[in-house]
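Here's the structure we're looking at; comments come further down.
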2 protein chains.
Amino acid sequence: MPSDAIRAALIERLRVSSAIADEDISEIEALPISVRQFSAETAVVRDGERATDCCLIVEGFCARSKTIASGKRQILSLHIPGEIPDLMSLFLPVMDHDLSTLTPATLGFISHDTLRKLHRRRPVVAEMFWRDTLIDAAMFREWIVNVGLRPAPARLAHVMIELRERLRVIGRVEGASFEMPLTQEQIGEALGITAVHANRVIRQLREEGIVELHRGRVNVLDEPKFLQLADFDRRSLHQSPTL
Amino acid sequence: MPSDAIRAALIERLRVSSAIADEDISEIEALPISVRQFSAETAVVRDGERATDCCLIVEGFCARSKTIASGKRQILSLHIPGEIPDLMSLFLPVMDHDLSTLTPATLGFISHDTLRKLHRRRPVVAEMFWRDTLIDAAMFREWIVNVGLRPAPARLAHVMIELRERLRVIGRVEGASFEMPLTQEQIGEALGITAVHANRVIRQLREEGIVELHRGRVNVLDEPKFLQLADFDRRSLHQSPTL
DNA sequence: GCCCGGTTCCAACAAAAGTTAAGGACGCGG
DNA sequence: CCGCGTCCTTAACTTTTGTTGGAACCGGGC
């Protein structure tokens, strides 16, 4: 894979959320990145570990999660190519959650040292990455609301639309359909419900002709109903530098 | 109120979570802060507004929350003296949630401009504040887990202990008792349950002799049971510079 | 082609949480 | 000291979600 293809999605995404100068782009293009392949369902960094690198998703899907004493797992966020899901480890190096792949994935690792040096050289880039971690936090706020006060069908629709709108930025939505490679077990973990209930909810949305989910792919049947059910606020994605 | 008293809690808290040099402390002590009084239950910044200052809590309790279309409200976090709950507005100036007081409060406002200039002058301070916003995000992750997969009694115990351990740092825990000035309605909004159910849960914990809650004050009756129920992991508070 | 493991799907029952409604305690202002 | 409003409290009932257990499906490896 050519070097710029590795960085393409990242830069595309940063452009969408921050105003960014050409010189800063060249700095990012010059960043040394070491690329590794991961298979599906593999831990990248674990809760409690001390991270020394940040991880750029080049290809594939990842998720962050926490496991509590009872053994139950909560998925905190889903991640797609161009994102750096553990940027927070730069200044909070001991992980308080797991980062793992959902699908086979290509990941690029950038060392904390490199990033810190870049920040000292270019404060504007630091602010851009800072902003990126703040958007990450904003999505957690949204996730709290989703899990805390929406009924299960709305939760599912909301996570689907959030994912879709992020996939759209990197050109991965095909008409009414897009990828969401989670098992029903994992969907339950994301929504704070059991896998059985996740199955009920998926069936219900299918029977109501709103959306169907088959083999890790979402197919929207009735967009207006879908949007209304999800109660989605586009602002929460912070996909605009002016906000 | 003398100027250093305003900054005391902030510096105390920063010391706990980051290693911090004396020169940087003097910079923070020199920060121009304009102080204002707020009564209880008042909005400080609203969802959708553009912030131009960050807000330091000098005295009193605050909460951040989001309200969805159906009118239901989710509390995202509780805040105590020494914290800057809207630090995120520095690089995400359009608020995506509300910040409001729970009790009468004294708040100090620091302009974004001032903070940005300080950051350019002292990158280490910038990194310290960045770290602060990352800890904020870490607490959101913990909140997701709480709301997503713990049963209601454990949720309540968990929020209580999280609050207590933060109050402890600023010397506000008296033996087995500490302040938690929320109505049962607000407790419900924090836990993602109804006020009626919040009442049921509070009663249950009282009847089991674990903890009682009366007029905004928590009184722990059985500490071991309380800790076990809450399933609390001290690491999530990030109260150590080495982590 | 066929077995095997993981998913998906489903039904019956149990538990947790939401809803509605109403009385009681308490603090504040007249 | 009384009246009013807010919060707390409780009960009865409904709905949502969890639990258990099992059958059908599907893809990959032998």
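In what follows, every chain begins at residue 1, and chains take the letters A, B, ... in the order their sequences are listed. Values below: all heavy atoms of this structure, side chains included; hydrogens, waters and symmetry mates excluded.
- Screening residues 196-216 of chain A for salt bridge (charged side-chain N to carboxylate O under 4.0 Å, His left out) gives no qualifying pairs among residues at least two apart or on separate chains.
- Nucleotide dA17(C) holds its C1' atom 12 Å from the CZ atom of Arg155(A), rounded to whole Å.
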Close N/O contacts between protein and nucleotides 22-25 of chain C (under 3.5 Å):
none

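- Axis deviation across the helix from dG1(C)-dC30(D) to dG30(C)-dC1(D) amounts to 30°, comparing end segments of five pairs, rounded to 10 degrees.
- For His214(B) and dT9(D), the NE2 to C1' distance is 13 Å, given to the nearest whole Å.
- Toward the 5′ end of DNA chain D lies the nearest nucleotide of Thr183(B), the other residue of the pair Thr183(B) and Arg150(A) mapping further downstream.
- For the pair Asp86(B) (side chain) and Cys55(B) (backbone), a donor-acceptor distance under 3.5 Å is present.
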Residues Leu237(B), Glu165(B); criterion side-chain contact (heavy atoms from CB on, under 4.5 Å); working and verdict: CA-CA 8 Å; Leu237(B) 294 173; Glu165(B) 298 313 307; 3.4 Å; yes
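- A salt bridge is defined here as a Lys NZ or Arg NE, NH1 or NH2 lying under 4.0 Å from an Asp or Glu carboxylate O, and Lys72(B) with Glu189(B) fails to meet this definition.
- If you take NZ of Lys72(B) and C1' of dT19(C), they are 11 Å apart, rounded to a whole angstrom.
- Separating the CD atom of Glu185(B) from the C1' atom of dT19(C) is a distance of 13 Å, rounded to the nearest angstrom.
- With rounding to whole Å, Leu102(B) atom CG is found 15 Å from dC7(D) atom C1'.
- The ring-ring contact (aromatic ring centres under 6.0 Å, His included) pairs that include a residue from residues 142-175 of chain A are His158(A)-Phe232(A), where partners are two or more places apart or lie in different chains.
- Under the salt bridge (charged side-chain N to carboxylate O under 4.0 Å, His left out) criterion, Glu179(B) pairs with no residue, sequence neighbours left out.
- Sorted by residue number, the members of residues 186-210 of chain B with any non-hydrogen atom under 4.0 Å from DNA chain C read Gly192(B), Ile193(B), Thr194(B), Val196(B), His197(B), Arg200(B).
- Considering only side-chain atoms of Arg215(B), the nucleotide from dC9(C), dT17(D), dC26(C) that sits closest is dC26(C).
- The environment of CZ in Arg46(B) is sparse: at most 12 heavy-atom neighbours from other residues, nucleotides or ligands sit within 6.0 Å.
- Taking the charged nitrogens against the carboxylate oxygens, Asp96(A) and Arg141(B) do have a contact shorter than 4.0 Å, which makes a salt bridge.
- Applying side-chain contact (heavy atoms from CB on, under 4.5 Å) to Arg64(B) and the options Gln74(B), Met95(B), Met88(B) leaves one that passes, Met88(B).
- Salt-bridge annotation for Arg150(B) and Glu142(B): present, with a side-chain N of the basic residue lying under 4.0 Å from a carboxylate O of the acidic one.
- Salt-bridge check for Asp47(B) with Lys66(B): failed, with every basic side-chain N at 4.0 Å or more from each acidic carboxylate O.
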